[in-house]
Amino acid sequence: MCSPFYHSLLHSFSDCFIHLPLRAFELKFCLPPPSSDFLADIIGLQKKQIIGDLPKEMEGSLPSSSSEVSINLQNDPIVQKYGSKKVSLTRCLLTKEEMKTYHFPLQGFPDCENFVPTKCCGSVTDNSPLFGLDCEMCLTSKGRELTRISLVAEGGCCVMDELVKPDNKIVDYLTSFSGITKKILNPVTTTLKDVQRQLKALLPPDAVLVGHSLDLDLRALKMIHPYVIDTSLLYVREQGRRFKLKFLAKVILGKDIQCPDRFGHDATEDARTALELAQYFLKYGPKKIAELNLEALASHQELEAAGLEPKNTAEVVQQLNTSVLECLDSMGQKLLFLTREADATELSSSKNCQTIKCLSNKEVLEQARVEIPQFTFSIVQFSFEPFPPNLTEEMSKRMRIKWMEMSTVYAGPFSKTCNLRALKRLFKSFGPVRSVTLILETHQPHLCIQYEILEGAQLAIESLDGILVEGTCIKVQRPVTELTLDCDILVNELEQDSENQGTIYLSGVSETFKEHLLQQSSLFLGLEAVILPKDLKNGKQKKYCFLRFKTFGSAQRALGILTGKNWKLKGRHALTPRHLHSWLRGLPPESRPPGLRVIPPPSEQETLQMVKVDHPKIAAWRWGRKIGKLYHSLCPGTLCLILLPGTESTHGSLSGLGLMGIKDEEESNSPNKCL
């Protein structure tokens, strides 16, 4: 997942990359702030090797446990979050902010108005009791509803195991997952309210609920509980992914659950497993778990599932921790390292590294063009003056302004007797609106509409520009500033970006949209994800969403259906990746308050604005030009990886940027203005 800096650098400084065909770099990612020797870390010279034994629990379908492997514990996401020492129970609890982020039901949120609190409001300590919880659901005419609940106390004793009759008509029992059938549920009379009362009576005031993806269970129960441990988040995985309960049960506890020969999942077994996983974490601590190298073991199982030949776990872990130099040495190859003499590092003294030291960046570029074709793997290091220490703040500020202006449209002219309420409703139909401003300084009134997201503004421009509104032909356009001069080009680049391929944006969705969509899933082949943003303040679902498909063609077909007469939605292809939306929600509130404002004539406001020189941008343009020259000199088929390290300063850390792609023939034959 990329950070906001990726977009700051790539899009705010997009003209610095005019020498590179950005579409060729399908993978774009952020880099953590670098250590004292960035290159040594990348190549693998500074790895701390910690030896650990694989656990006996992994015998069976997993490889032998007798092998000793090298694991870099400091890079394990569990150690990065919790440290290497044992943690307390209270440290494992999700914070209120985390519960909000992962959509747990919370008191006071509009979508939780009818939810019942467990009344557990005692003070939680490290001795508070743990209870494993798991629920099974079916699909009804109103969405997912509870069909079974299991609650397990410490020691493994099941204190509650109830079948539940949903309130609404069942359309799918989801038997392959729940194990519930019509025959099983027919004689059941227990209702959701019965279960809620029973659970409230069972749980002590300081009870801690433990589950795997526990937010789904609590929503099925329509209950709110403040103290939770979610094992899908406790056992942290890279890039926001989550380990499956079945995988953790096998690797950590050495037991098989959810076996394919069984009829659906066993809720009691799953609840007990989640509880045991939390107890294991508390007993042995993050370091012990990190030594298992869960990521390598997960990769091993994925290979098995795909029918490929899995490797010995020791080999998998060793390969994950093998440096670039070691890999090249095993193939009888040397690494080429080109750098300025003043910037020589530990890498330049390595025995299987051919180092060429140059006096300037210009000489580095010239030598690279000559030497790179002779080596399998090359590293070219350019050196430039560092950006000012307050760049983090400046970049964020610049990005906020740019995205705000790109998400703003001016529309008009309108008649002086125009229906403002109807106009506001019209523009809101394209996406969430931050503010609507009435402009009176022109001969006829105009409107300034600031959208929360770029897609809303773009859709309004594409749909309304040049059409008749209340008898007047209106123009809908963005403000013209130095940050929006190349907006059309940037919007096109965003649409073509690999991160947005296969994703569509829809406006006007209702609260029942997802259920309606799933009921007609046969129309939407290749649908991978339904992303329904929520208001961070009240938790209410917003009236827009994103749908991600496997292919661009599937997305295009779905867009045609959903914007047709049966669905009556407005939409287009997505422009901004999902993670960017969460960052953009942090736009300063003083930018434009919500609601309708009136801008007074210019005589009543200041119009003078100072323009300052943007020195970091000039520097970025220069190194972008050098990187572009080198890229265009490479042979077709060359794998290119561009790494721009971030910085650490008293003003905060600044993430770096990575671009990776393969140069193709078309780029080699195209005219090159740089050379």
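Position 1 is the first residue of the sequence; numbering continues from there. The shown structure was predicted, so the numbers you read here are calculated from the model rather than taken from an experiment.
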Return the set of residues passing side-chain hydrogen bond (donor to acceptor under 3.5 Å, both in side chains) with [X] (not counting sequence neighbours), or none when no residue passes.
X: Asp206; value: Ser128
X: Ser507; value: none
X: Ser150; value: Asp161, Thr268
X: Gln520; value: His516

Does a side-chain heavy-atom distance below 4.5 Å link Leu294 with Ile289? yes
Suppose we call two aromatic rings close when their centres sit under 6.0 Å apart. Are His573 and Phe552 close by that rule? yes
Taking NZ, NE, NH1 and NH2 as the nitrogens, is one of them in Lys542 or Glu452 under 4.0 Å from a carboxylate oxygen of the other? yes
Partners meeting salt bridge (charged side-chain N to carboxylate O under 4.0 Å, His left out) with [X] (sequence neighbours left out):
X: Glu113; result: none
X: Glu276; result: Lys255
X: Glu98; result: Lys81
X: Arg219; result: Asp111

When the side chains of residues 182-192 are checked against the rest of the protein, which donor-acceptor pairs come out under 3.5 Å, sequence neighbours left out?
unit_1 : atom_1 : unit_2 : atom_2 : d
Asn186 : ND2    : Lys182 : O      : 3.4
Thr191 : OG1    : Asp194 : N      : 3.3
Thr191 : OG1    : Asp194 : OD2    : 3.1

Suppose we screen for side-chain contact (heavy atoms from CB on, under 4.5 Å). Which residues come up paired with [X], at least two apart in sequence or across chains?
X: Gln541; answer: Val509, Leu532
X: Leu139; answer: Arg144, Val171, Asp172
X: Glu528; answer: Arg548, Lys550

